[in-house]
Amino acid sequence: MAPWGSRDGFVGESSVSLTRRGLRVASAVLVTASATLLAGSVLAATDTAIHPALWPKATWPLPMDAALEQRVSALMARMTVEDKVGQLVQADILSVTPDDVRKYRLGSVLAGGNSKPGGQLLANAEQWKALADAFHRAAMDTSGGHVAIPLLFGIDAVHGHNGAVGATLFPQNSALGATHDPELMREIGEATAEEVRATGLNWTFAPALAVPQDVRWGRSYEGYSQDPKLVAQYAGATVEGLQGKVGTPQFLDRSHVVASAKHFLADGGTKDGKDQGDAQISEEVLRTVHAAGYPPAIDAGVQSVMASFSSWNGQKMHGNKALLTDVLKGRMDFQGFVVGDWNAHGQVPGCTNEDCPVSINAGVDMLMAPDSWRGLYEHTLAEVKSGAIPMSRVDDAVARILRVKFRAGLFEEGLPSSNPLAARSADVVGSPAHRAIARRAVRESLVLLKNNGGLLPLDPRKHILVAGDGADNISRQSGGWTLTWQGAGLKNANFPGAQSIGAGIAEQVKAAGGTVEIAADGHHSGKPDVAVVVFGEDPYAEFQGDIPNLLYRPGDDHDLELIRHLRGEGVPVVAVFLSGRPLWMNREINAAEAFVAAWLPGSEGGGVADVLLRTREGKVAHDFHGKLSFAWPRSAVHGQGSPLFPLGYGLTYADHGTLPALPEASGITGEQVPVGNYLERGKPVHGYGFTLRGADGASTPGDVSPAATSDGALRMTALDYKAQEDARRFAWRKSDAQLVITARAPMDLDRETNGDVLLITTLRIDALPGKDAWIGMGCGKGCQGRVELGPQLASQAAGQWLRIGVPLKCFRKAGADMHHIEQPFAWGAGKGAEVAISRAALGTDADQVVDCAK
Ligand code: BGC
Ligand code: BGC
């Protein structure tokens with residue numbers, strides 16, 4: 001039997017309709033089906049009782065250290081309750097200043113995915129160091145009689161020091177899983193730690209020990225594998241790489257950083273793969289699947305663990321004392337500290353971002369309160385004084401944090417910029433040695449799924465076309481958590497020292513005497529001997545990466561067409577697929593002779609050429625090594641049928657089999673609606689209604705243009721933006737009229753509101769005489785959150801297209817109930833206004849962002 005298994009199966013049996021409304025129905029049906037199969041665990045799923053004695057033990061590797069304890073208690077004896085509460089609060093660098101740190105004695109700051117020194121995307125190492133120094137000086141300032149306690153400065157260095165320009169970008173974790181090489185994890189950890197230290201920071205929010213069970217989850221690529229065994233194998237090695245090995249002089253020395261195993265627990269087990277969702281699983285699955293990485297991380301001395309945004313059977317992890325305290329700190333003997341996630345405490349029932357004694361009492365030692373730190377500090381202080389948070393709990397939390405700071409030598413090491421690595425940051429960040437490790441990781445992570453006729457390896461002395469929109473696109477090959485949170489809005493120029501996959505191929509082909517053309521659209525002057533088509537997912541991270549099924553770019557087949565077109569010309573095609581996760585690829589796999597899963601390889605695109613090409617002498621320098629750490633799906637319906645390519649699958653050049661044609665029905669029918677898109681090319685997307693509402697409140701359908709409200713207050717006409725009639729122009733003849741997009745069923749956008757997610761309107765202002773314009777989200781009768789745009793738009797040059805983004809939190813602030821959004825998009829303006837609109841969608845990549853904090 002073919003290794004890819006039976007070709008029979010579900011395909012064609014299922015006709016689940018995934019229209020916007022159908023989605024709920026469809027997933028309800030699927031859930032019922034699996035509920036019947038898993039009746040046992042469903043019963044358990046309502047149960048939130050935890051039995052710590054059943055959980056695996058771990059051994060904290062650091063013996064009790066009397067001298068350390070002495071230092072901690074001596075310091076704590078000098079601390080006021082204010083000093084102590086300050087240690088429990090972490091603020092984001094975009095919302096806190098060194099003076100704030102000085103005043104509030106905060107214990108930690110972080111740089112969130114979009115937070116850079118001075119708000120500059122391309123801040124250089126000097127700017128990072130200067131900022132770290134400024135915070136350090138503030139924390140160490142004893143002028144007010146304060147005790148000096150150095151800061152932990154954390155960042156998401158999750159695939160290298162990915163927030164810093166010019167850093168080595170290692171393959172994302174789902175790629176690293178395919179290497180099955182724990183030693184490599186150690187080397188990557190070491191290199192990453194050095195680059196972080198070189199810019200003045202001392203803590204990374206890594207490794208992610210998620211065990212993703214449903215790759216519709218947009219953060220699947222942050223996990224090494226769906227297989228708990230592999231995650232467990234990697235956990236200790238990565239922690240030791242980042243922190244140094246316990247018992248050696250390197251442990252937490254000046255070349256290493258504090259690590260943070262995350263997200264505890266079952267971030268990768270949420271229902272339908274929903275980010276920050278609910279893991280509806282038994283205690284046994286929680287323990288045997290999702291907890292697998294924690295005991296080895298603790299055995300390796302991981303100094304912090306980040307609590308998960310997600311829930312277990314309806315209970316938020318940030319309030320789960322049984323798991324955070326009884327299991328993690330008790331049974332597993334974890335003696336570092338627990339850090340919360342980004343305002344995640346605010347999602348615990350009864351809490352807000354500014355107030356959450358429950359989380360601290362449950363065992364979170366430091367709350368991540370990026371923009372909410374001040375209120376949180378005040379409330380926490382009051383609660384400690386009132387006894388709502390027991391002093392013993394505060395002392396335990398503070399002692400845990402201080403121990404880490406002492407162990408990491410922060411009290412002795414002086415200014416961050418005085419670190420020897422920081423002194424030579426230009427040589428350390430993106431160093432050739434680190435890039436060589438990354439390139440090896442790229443080579444080891446590539447998984448060969450098909451190689452019919454032995455098309456690979458390629459002869460570099462030929463004429464090779466590198467096509468597809470990933471051919472020369474470092475952002476696409478790097479994915480999310482790359483310079484920006486979602487990895488959106490980047491150009492190759494933003495990646496000094498990096499190499500695209502196409503550039504890597506070109507380099508080696510030219511050196512061997514061959515010729516190369518690189519063209520995203522596949523255009524070529526001479527007929528290529530072979531084409532390498534590099535294509536794949538757009539970068540994404542939290543929320544934005546969640547998908548309803550395993551279709552790749554539903555409704556947009558341009559990559560497939562490109563492959564087919566080249567084949568039609570008689571050019572053999574190697575498909576190189578860039579993605580954070582396996583997706584349903586049967587058609588693309590069929591269309592190409594060879595298919596390589598390249599994951600998100602990062603900055604060293606040359607590693608792909610190393611494996612795809614022979615040497616100029618005709619030898620194979622590097623064979624394929626990668627084996628799937630996530631099973632490849634047979635259909636686009638999650639969980640249906642056996643995998644097409646099981647875990648551990650991956651061909652080498654020694655394999656000479658032929659993959660027969662795969663069935664081309666995805667298992668999904670119905671129009672596919674990208675989640676979070678409301679208006680596309682001037683029209684409401686499927687599943688949404690579009691109306692014009694007059695000043696008198698009467699509604700007129702907006703689906704067909706031209707249209708006008710019956711009171712004549714608002715007129716709509718079609719307009720060309722990039723294509724024929726792909727925009728609408730709205731003219732207000734009276735004030736108080738609006739255009740409204742309505743969802744068929746209320747939507748819950750609360751979780752998205754927690755991040756930097758924006759509602760982005762692509763628009764052009766033609767006239768705005770009264771400077772009066774607003775955008776809104778409606779939450780039912782009489783419920784609307786409106787954000788004023790007039791002042792910002794009035795300064796826009798008339799006639800210019802612009803993507804203007806409004807943070808979702810602005811709508812919440814303006815009164816919208818984000819749990820219950822009925823109208824995700826409404827727009828109004830004053831008399832005389834003339835505005836063209838082409839698109840409205842959630843996203844992060846806008847030309848201008850409205851600041852509603854002002
Ligand atoms: C993510 C964490 C991350 C933190 C800081 C959160 O939204 O869930 O993984 O460490 O933000 O950026
Ligand atoms: C931050 C990320 C964070 C996310 C939480 C973003 O604004 O940049 O670091 O993880 O919000 O949703």
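Just follow the structure's listing: the first ligand is 1, and inside any ligand the first atom is 1.
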For ligand 1, which atoms sit closer than 4.0 Å to a heavy atom of [X]?
X      : answer
Phe205 : 10 (O)
Trp342 : 6 (C), 7 (O), 11 (O)
Asp341 : 1 (C), 2 (C), 3 (C), 4 (C), 6 (C), 7 (O), 8 (O), 11 (O)
Met306 : 2 (C), 10 (O)
Leu110 : 5 (C)
His263 : 2 (C), 8 (O), 9 (O)
Lys262 : 2 (C), 3 (C), 9 (O), 10 (O)

So [X] and [Y], would you call those rings parallel, tilted or perpendicular, with 30° and 60° as cut-offs?
X      : Y      : value
His318 : Phe309 : tilted
Tyr377 : Tyr104 : perpendicular
Phe630 : Trp599 : tilted

Check each heavy atom of [X] against ligand 1 and say whether those closer than 4.0 Å belong to the side chain, the backbone, both or neither.
X      : result
Phe309 : side chain
Trp481 : side chain
Arg219 : side chain

Could you work out, with side-chain contact (heavy atoms from CB on, under 4.5 Å) as the rule, every residue matching Asp538, not counting sequence neighbours?
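Counting only residues at least two positions away or on another chain, Asp538 forms a side-chain contact (heavy atoms from CB on, under 4.5 Å) with Arg476, Arg553.
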Start with the C-alpha gap between Trp481 and Glu222, add the side-chain angles, then the distance that decides, and say whether side-chain contact (heavy atoms from CB on, under 4.5 Å) holds.
CA-CA 10 Å; Trp481 295 108; Glu222 296 186 56; 2.9 Å; yes
Which side chain to side chain donor-acceptor pair (under 3.5 Å) pairs, counting each pair once, include a residue from residues 200-212, with sequence neighbours left out?
Trp203-Ser304
